[in-house]
Amino acid sequence: MKYLDEYRDDDIARSLLDQIAATVTRPWTLMEVCGGQTHTLIRQGIDQVLPPEVELVHGPGCPVCVTPVAMIDRAIDIAARPDAIVCSFGDMLRVPGSGRDLFMARAEGGDVRVVYSPLDALTIARDNPDKTVVFFAVGFETTAPANAMAVKQAHRMGIENFALLVAHVLVPPAIAAILVSPGNRVQGFLAPGHVCAIQGWKEYEPIARDFGVPLVVTGFEPVDLLEGILMLVRQLEAGRHEVENQYVRAVVRDGNEVALRTVDEVFETADRAWRGIGVIESSGLRLREAYAHHDAELIFPAAEGSVPASESEVCIAGDVLRGRAKPHDCPAFGIECTPESPLGAPMVSSEGACAAYFLAGRRRQDAPA
């Protein structure tokens, strides 16, 4: 990142926009998978200055947003127990479950704590041996290595009262699910640079081959994104479908092999439910049998007769996460649903598409000023 200013340079950005305009000859619909990319695109107005033939839609690249309601309800139930402490990153505390969020659970007396690392939760477990400390492990491939290392450390130190409530999801199966979903319009993907910094891009190559879609691993600065869009448009116009790497300063094809070995030792793939999307086969992680005694779902099984999870009937977060709609298509956006009173996770998270639109001043015409 030594030359970060170059990735925000106006002249370079204008040159890339000119090249995109000179290359595109027909309409193309592209999806950026990562919520961090969404925020840059919307905050900088990049989607508004692209040629009209290039449409950007927003994908499920916000791990907080795709965590299912049932999993949040489970965390809230655990937080209500006198023998448990629930630890999480701050944005998870405001994501609505069926009727409450973790902030409400804390206000009602639950021991819910904000941490900055799973190792912080491990320290809390060491200091509170009479309680089970549960870290809400949410995230894509990016955060899995740190969570795997925390479990290994607990195992090595004999801290048996440390557990993970695992809600990890994987990006490639989600992309494949979008491509086979009814009504899909996406023709090319800006793949998430931070995920690929861990995972590499080998797992994206079968998607490009089998579905005939190009993918470009892309960074997060304005110039990164414009270059990634140009690379996608060039492929589409030429009829190519390959995986290319724009984010060369951070990503290599094989990823971070040390991190991947750690994840593979602790986790195995499993079917996983995605909020607003449904169950995607082999799209998540769960603890392997050797570490199952650190699995919060096994330590605190769901109570019989639990009320089924439910979501707002007005919120269209699922359509937003699949790229079928944009935030201001939602009748509740900016009216019933705001960052102060969110109906859906994409309005809560710092990576959510709805929050990006709201913070950039994009409003429905009938929304209050």
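- Grouped by direct or indirect side-chain proximity (heavy atoms under 4.5 Å, Ile/Leu/Val/Met/Phe/Trp/Tyr only), Val320 sits with Ile316.
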Using distance only, find each side-chain donor-acceptor pair of residues 170-178 under 3.5 Å and give its atom names and separation, not counting sequence neighbours.
none

- prompt: Going through the distances and angles, do His194 and Phe220 end up as a ring pair (Phe, Tyr, Trp, His ring centres under 6.0 Å)?
  reply: CA-CA 9 Å; His194 63 332; Phe220 304 89; 5.4 Å; yes
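- Side-chain contact, Gln199 with Glu141: no donor N or O sits under 3.5 Å from an acceptor N or O.
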- request: Output, in order, the C-alpha distance, side-chain angles, deciding distance and verdict of side chain to side chain contact (heavy atoms under 4.5 Å, CB included) for Val166 and Glu297.
  value: CA-CA 8 Å; Val166 182; Glu297 291 194 82; 5.6 Å; no
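- Judged by distance alone, with hydrogens and angles left aside, the side-chain atoms of Asp271 form no donor-acceptor pair with the main-chain N or O of Val279 at under 3.5 Å.
- Of all heavy-atom pairs spanning Pro51 and Val24, the tightest one is CB-CG1, 4.1 Å.
- Neither side chain, Gln235 nor His241, offers a donor N or O lying under 3.5 Å from an acceptor on the other.
- Ring orientation note: the planes of His328 and Tyr357 are nearly perpendicular, at an angle over 60° on the 30°/60° scale.
- In this structure, the separation between NZ on Lys202 and SG on Cys196 is 12.5 Å, given to the nearest 0.5 Å.
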- prompt: Does the pair Thr218 and Gln246 meet the rule for a side-chain hydrogen bond (donor to acceptor under 3.5 Å, both in side chains), with working shown?
  reply: CA-CA 5 Å; Thr218 309; Gln246 181 277 332; 4.8 Å; no
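- Taking the charged nitrogens against the carboxylate oxygens, Arg14 and Asp11 do have a contact shorter than 4.0 Å, which makes a salt bridge.
- Side chain to side chain, Arg234 and Gln19 meet the donor-acceptor criterion of an N or O pair below 3.5 Å.
- The hydrophobic cluster containing Met149, built from Ile/Leu/Val/Met/Phe/Trp/Tyr side-chain heavy atoms closer than 4.5 Å, comprises no other residue.
- Checked by atom type and distance alone, the side chain of Thr142 never pairs as donor or acceptor with a backbone atom of Phe140 at under 3.5 Å.
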